[in-house]
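Numbers here simply count residues along the sequence, with the first being 1.
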Amino acid sequence: MAGNDSQVSRRSFLKAAGTATVAATATSSVAGCLGGGGGGGTLRYGRGSHSSTLDPHNTTSGEVAKVTNQAYETLIGFTPGEASLTENLATDWTMDGSNVTLQLREDVTFHDGTEFTADDFIASYRRFVDEDYEHYFEDASAYGPFTLGNWIDSVSKDGDYTLNITLTQTYAPFLRNLAMFVSVVISQDAIEGDTNLDEEMVGTGPFELSELDNANKRIQLTAFDDYWGDGANVDELLFLTRSQNSTRAQALIEDEMEIIDGLDPDTIQTIEDSDTASAETTQGINIGYMSFNMSRVEAFRDRRVRKAISYAIDTQSIVENIYSGIAEQADQPIPPALFGHSDDLSPYPHDPEQAQSLLEEAGYGDGFSFELTTFQNPRGYNPAPLPTAETIRSNLDEVGVSVTIDDRQFSDYLTYTSEGRHDASLAGWYTDNADPDNFCYVLLHPQCEVPQGQDWVSWDTEGFNTSNRSAWANTDFMNRVEEAQTSTEQSERAQLYREASQIAHDEAPWVYIDYAEEVRGVSNRVSNYTISAIGGPHLDLVELE
């Protein structure tokens, strides 16, 4: 468990990460030894939900990413447990304004036996965002535009191992976007052979898929013998689903699993009281919040109503009494670990009288009702979703607002809310790239045309970014976020994000709930496991006694 000193050090490092990395160039090429590692038994990873797909282009779910990250690789990676970029399938890169050049690793083999070249990245990119490509994936997730599609003007190759990418504009976070889980390289042969990537994985990673057992919610992977790097330290990796936190914790304690996630304070204490496992923690880069769907509920289009609900919900009680010990109150979209977080903002206090006054001022003094959609199983940013929803219902009942709770399995919840069918939803976000843009642009910018004088958009607007679950469209906020994208000066970007956060705080498109630590239950038999707030989990590094 990280102590206070190390947390402060890490926070300072992350805040320094931002645009300084834009000009980063890998300085060395460390090709790993040939052949898979293996020889270390079976690593069993327990979680609360099964993957709805194995296709990284078809999801926004972290449950999917934690599996696909074992089999697929990106051009640029994140150092385990850190925010810094490291070489992966690219060994060297430069970024000069809107021109990016990457040198690719040679002698890399896909799980289907084909050799990795620049054509595989081009095919993967085109499958994700290019509607003119014969093999374009029509069900591509909302990640397509904001990760690559909005920024890449063209991609070309110079031989088999040099990629030249021209951007539509200077875009500071682009190299970090290349390290995101959706920017993986898929075998061109698999793409153009119409392989069913919902059920198969054809990457270059240290593990390859052995069995997908959806009936029993079990995924088996084995160490890839032809991996270019050092290879996995275990022979086999099993992802097992146990929806109940207590069941998962008991399985860890009784040596039926080696690592588990999705923990609440009670199960953390159960693990800490055992002799066979411990709860390990690191600072998270995430946020938990409640979104108001302004496209669907007219009352939410009034800022006074949104602020009233923010005053009415006792987020301090939620964090202290439900998430006890593993989270802090939130007050803005950007978590404290990132540059651009404003230290001048404070959480909305619990003030039912102020809430009632604002509701009366907005014409809702007699109250109104809405449905709150939530997921059933804990997530890192919300370790107890149902108790959270029940507290919100109780708090709002005190000011005359009636809430019904709609709880769903996580994959169903994601589909339902991405279609804009929710009135309001409990939501959350883990960073994909450790840049403030990944919170502000991805979660609160509509990325489409906005009617003049209106601070929301209809869900069916062409090009609308469905990750903006509030359908919020504040032009002052949008202008600052867009300006920050084009700047390469970190101090300038930080100031713009602080101003954007001030707007988001005052306009209240979300009820800001918490920033949570990352917590895992880990068997005493496990060594060399690093909890990563970005990317990962790096399970190929894990060793078992």
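Side-chain atoms of Glu483 and Asn479 form no donor-acceptor pair, as typed in the model, at a separation below 3.5 Å. Using a 3.5 Å distance cut-off with no hydrogens or angles, the side chains of Asn216 and Asp213 do pair a donor with an acceptor. If you check the side chains of Glu518 and Thr282, you find no donor sitting under 3.5 Å from an acceptor. In summary, the side chains of Gln495 and Arg498 do present a donor paired with an acceptor at a separation below 3.5 Å, with no hydrogens or angles considered. No donor-acceptor contact under 3.5 angstrom links the side chains of Thr59 and Tyr143, judged on distance only. Using a 3.5 Å distance cut-off with no hydrogens or angles, the side chains of Arg421 and Ser425 do not pair a donor with an acceptor. Between the side chains of Asp460 and Ser458, at least one donor N or O lies within less than 3.5 Å of an accepting N or O. Side-chain atoms of Asp514 and Tyr289 form no donor-acceptor pair, as typed in the model, at a separation below 3.5 Å. With no hydrogens or angles considered, a side-chain donor-acceptor pair links His50 and Asn214 at under 3.5 Å. No donor-acceptor contact under 3.5 angstrom links the side chains of His538 and Gln70, judged on distance only. Checked by atom type, the side-chain pair Thr417/Arg469 shows a donor-acceptor distance below 3.5 Å. Side chains of Asn433 and Asn177: a donor on one and an acceptor on the other come within 3.5 Å. Judged by distance alone, the side chains of Gln283 and Glu517 never bring a donor and an acceptor atom under 3.5 Å apart.
For the atom pair OG1 (Thr431) and CE (Met180), the distance works out to 8.0 Å, reported to the nearest 0.5 Å. For the atom pair SG (Cys440) and OH (Tyr497), the distance works out to 6.5 Å, reported to the nearest 0.5 Å. Interatomic distance, Leu396 CG to Phe368 CZ, rounded to the nearest 0.5 Å: 8.0 Å. Atom OG1 of residue Thr475 and atom CE of residue Met478 lie 7.0 Å apart, to the nearest 0.5 angstrom. To the nearest 0.5 angstrom, Arg47 atom CZ is 9.0 Å from Leu240 atom CG. For the atom pair Glu371 CD and Ser402 OG, the distance stands at 11.0 Å (nearest 0.5 Å).
Using bins of under 30°, 30° to 60° and over 60° for the plane-to-plane angle, the ring pair His57/Phe128 lands in the parallel bin. Using a 30° and 60° split on the angle between ring planes, Phe174 and Tyr171 fall in the perpendicular class, above 60°. By the 30° and 60° cut-offs, the orientation of the rings of Tyr430 relative to Tyr381 is tilted.
Within the 6.0 Å centre-distance limit, the rings of Phe477 and Trp472 are counted as a close aromatic pair. Annotation: Tyr441 is in aromatic contact with Trp151 [ring centroid separation under 6.0 Å].
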* To do: Could you give me the CA-CA distance, side-chain angles and deciding distance for Val64 and Ser52, then say whether side chain to side chain contact (heavy atoms under 4.5 Å, CB included) is met?
  => CA-CA 7 Å; Val64 174; Ser52 57; 4.1 Å; yes
* Any chance you could lay out the ring pair (Phe, Tyr, Trp, His ring centres under 6.0 Å) test for Trp510 and Phe292, step after step, and finish with the verdict? => CA-CA 6 Å; Trp510 298 344; Phe292 299 105; over 10 Å; no
* Take Glu256 and Arg44, measure what salt bridge (Lys or Arg N to Asp or Glu O under 4.0 Å) needs, and give me the verdict at the end. => CA-CA 8 Å; Glu256 296 172 1; Arg44 296 162 296 186; over 6 Å; no
* To do: Please step through side-chain hydrogen bond (donor to acceptor under 3.5 Å, both in side chains) for the pair Glu63 and Ser49, ending with a clear verdict.
  => CA-CA 7 Å; Glu63 292 297 345; Ser49 300; 4.8 Å; no
* To do: Mind running side chain to side chain contact (heavy atoms under 4.5 Å, CB included) on Leu178 and Leu148 for me, showing each step along the way?
  => CA-CA 8 Å; Leu178 288 180; Leu148 302 175; 4.1 Å; yes
* Show your working on side chain to side chain contact (heavy atoms under 4.5 Å, CB included) between Thr74 and Val182 and close with a plain yes or no. => CA-CA 8 Å; Thr74 48; Val182 292; over 6 Å; no
* To do: Could you walk me through whether Lys307 and Asp351 pass the salt bridge (Lys or Arg N to Asp or Glu O under 4.0 Å) test, one step at a time?
  => CA-CA 11 Å; Lys307 290 172 72 78; Asp351 190 341; over 6 Å; no
* How far apart are the C-alpha atoms of Leu252 and Ser523, what are their side-chain angles, what is the distance that settles it, and do they pass the side chain to side chain contact (heavy atoms under 4.5 Å, CB included) test? -> CA-CA 7 Å; Leu252 175 71; Ser523 165; 4.2 Å; yes
* Full working for salt bridge (Lys or Arg N to Asp or Glu O under 4.0 Å) between Asp437 and Arg480 -> CA-CA 11 Å; Asp437 187 70; Arg480 284 166 174 78; over 6 Å; no
* To do: Please assess Asn438 against Asp432 for the test side-chain hydrogen bond (donor to acceptor under 3.5 Å, both in side chains), listing each intermediate value before the final yes or no.
  => CA-CA 7 Å; Asn438 192 238; Asp432 292 303; 3.3 Å; yes
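Inter-residue side-chain proximity for Leu496 and Val481 is flagged as unmet; no heavy-atom pair is nearer than 4.5 Å. Inter-residue side-chain proximity for Leu541 and Asn528 is flagged as met; some heavy-atom pair is nearer than 4.5 Å. Side-chain contact between Ile513 and Asn382 is absent, with no heavy atoms from C-beta onward closer than 4.5 Å. Residues Phe464 and Thr466 meet the side-chain proximity criterion, which asks for heavy atoms closer than 4.5 Å. Residues Thr86 and Phe78 have side chains not in contact (no heavy-atom distance under 4.5 Å, counting atoms from C-beta outward). Contact annotation: the side chain of Tyr515 approaches that of Gln332 to within less than 4.5 Å [non-hydrogen atoms, C-beta and beyond]. In this structure, Arg493 and Phe339 have side chains that are in contact, with non-hydrogen atoms separated by less than 4.5 Å. Within the 4.5 Å cutoff, the side chain of Leu372 has no heavy atoms near those of the Thr404 side chain.
Geometric assessment of Arg408 against the ring of Tyr416 yields a positive cation-pi assignment under the 6.0 Å and 45° thresholds.
Ala473 and Val457 get closest at one heavy-atom pair: CB-CG1, 3.9 Å. Pairing each heavy atom of Met201 with each of Tyr72, the nearest pair is CA-OH, 3.2 Å.
Asp261 has a carboxylate O that lies under 4.0 Å from a charged side-chain N of Lys66, or vice versa, which qualifies the two as a salt bridge. No salt bridge links Arg520 with Glu280; every basic N to acidic carboxylate O contact stays at or beyond 4.0 Å.
Here side chain to side chain donor-acceptor pair (under 3.5 Å) pairs that include residues 293-305, with residues two or more places apart or in two chains, are Arg296-Asp423, Asp302-Arg304, Arg303-Glu507. Among residue pairs with one or both ends in residues 240-254, those qualifying as side chain to side chain donor-acceptor pair (under 3.5 Å) are Asn245-Arg248, Asn245-Asp264, Gln250-Glu254; sequence neighbours excluded.
With His341 as the fixed residue, the side-chain contact (heavy atoms from CB on, under 4.5 Å) test singles out one of Pro333, Pro436, Pro336: Pro336.
Here Tyr348 pairs with Tyr311, His505 under the ring-ring contact (aromatic ring centres under 6.0 Å, His included) rule; sequence neighbours left out.
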